Amino acid sequence: MITSRADRVDAALDQLRRAGLRTTLARRAVLDALGDAAVERRHLNAGEVHRRLTGRGLAVELSTVHRVLGHLVDLGVAHAVPVGGAATFGLADHPHHHAVCEGCGGMRQLPVPAVAASVAAAREVGVEMDGGSGGVVVYGRCPACRTTTT
Ligand SMILES: [Zn+2]
Ligand SMILES: [Zn+2]
């Protein structure tokens, strides 16, 4: 079981190399950002990834971030879970489920056992969860969004 952030990012970079993709600075940086987020049990949308990169002094275009995230999803290294018309991205190496705030789009990862019954029920109707999918997505409102009523 790969647990440390560095190991997870390294494993993802290996996957890129095996797929014949060069590990460019942008790809490494995006994976680093997703690795950091995974430790916080979070996902990031493309804008958040971009901000983390530029915050570290990397001159990367938002369009590049979008393209890199697309590659990572195609390879199954990351998965995209839709939140209100956008997508949030997380490392797909550890199976997990998602709780989404519909107010701010904030995403928290849920451990697999917590929603085992839902996954079993889905399997009974023929839908099988895999690491590349969003699994079970629970929608609601986070504490910050519950206090700022619109
Ligand atoms: Zn996820
Ligand atoms: Zn919220």
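What you see is a predicted model; the values in this text were computed from it and never measured. We use all heavy atoms of the structure for the numbers below, so side chains are in, but hydrogens, waters and symmetry mates are not.
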Which atoms form the tightest heavy-atom contact between H97 and V112, and what is the distance?
CD2-CA, 3.8 Å
Heavy atoms of A78 and L34 approach each other most closely as CB-CD1, 4.1 Å
Taking the six-membered ring for Trp, are H79 and H96 parallel (under 30°), tilted (30 to 60°) or perpendicular (over 60°)?
perpendicular
R5 with D32: basic N within carboxylate O range, under 4.0 Å
yes
Quick check: closest heavy atoms across L62 and A46, and the distance to 0.1 Å?
CD1-O, 3.8 Å
Give me the atom names and distance for the closest heavy-atom approach of A33 to V49.
CB-CG1, 4.4 Å
Looking at L16, D14, D93, which hits side chain to side chain contact (heavy atoms under 4.5 Å, CB included) with V77?
L16
So, R146 and E102, do they make that salt bridge, N to O below 4.0 Å?
no
Min side-chain heavy-atom separation L69-F89 under 4.5 Å
yes
Is there side-chain contact between R42 and M107, with heavy atoms separated by less than 4.5 Å?
no
Are V39 and L13 co-members of a hydrophobic cluster defined by side-chain heavy atoms under 4.5 Å apart?
no
Could you see if V73 belongs to whatever hydrophobic cluster contains V137? Use Ile, Leu, Val, Met, Phe, Trp, Tyr and a side-chain cutoff under 4.5 Å.
no
Hey, is the main chain of N45 close enough, under 3.5 Å, to the side chain of E48 for a donor-acceptor pair?
yes
Could you give the distance from CZ (R52) to CG (L44), rounded to the nearest 0.5 Å?
4.5 Å
Heavy-atom closest pair, residues A38 and L91:
CB-CD1, 4.2 Å
Please report the interatomic distance OG1(T88) to CZ(R108), rounded to the nearest 0.5 Å.
12.0 Å
Locate the shortest heavy-atom distance separating V9 from L31; write the atom from each residue and the value.
CG2-O, 3.7 Å
Approximate separation, where rounding is to 0.5 Å, of R67 CZ and E61 CD
9.5 Å
Other residues, nucleotides and ligands only: do more than 12 of their heavy atoms fall within 6.0 Å of CZ on R17?
yes
How long is the span from the CG atom in L58 to the CZ atom in R28, to the nearest 0.5 Å?
12.0 Å
Flag side-chain contact, heavy atom, 4.5 Å: R41 against P111:
yes
For the pair L110 and V138, evaluate side chain to side chain contact (heavy atoms under 4.5 Å, CB included) and give the outcome as yes or no after the intermediate values.
CA-CA 9 Å; L110 302 176; V138 178; 4.2 Å; yes
Is there a side-chain contact between H43 and H98, using heavy atoms and a 4.5 Å cut-off?
yes
Is it the case that the side chain of R27 and the backbone of V68 share a donor-acceptor pair, with hydrogens and angles ignored and the cut-off at 3.5 Å?
no
Treating T54 as the side-chain partner and H50 as the backbone partner, does any N or O pair qualify as donor plus acceptor under 3.5 Å?
yes
Separation between CZ of R8 and OG of S4, rounded to the nearest 0.5 Å
9.0 Å
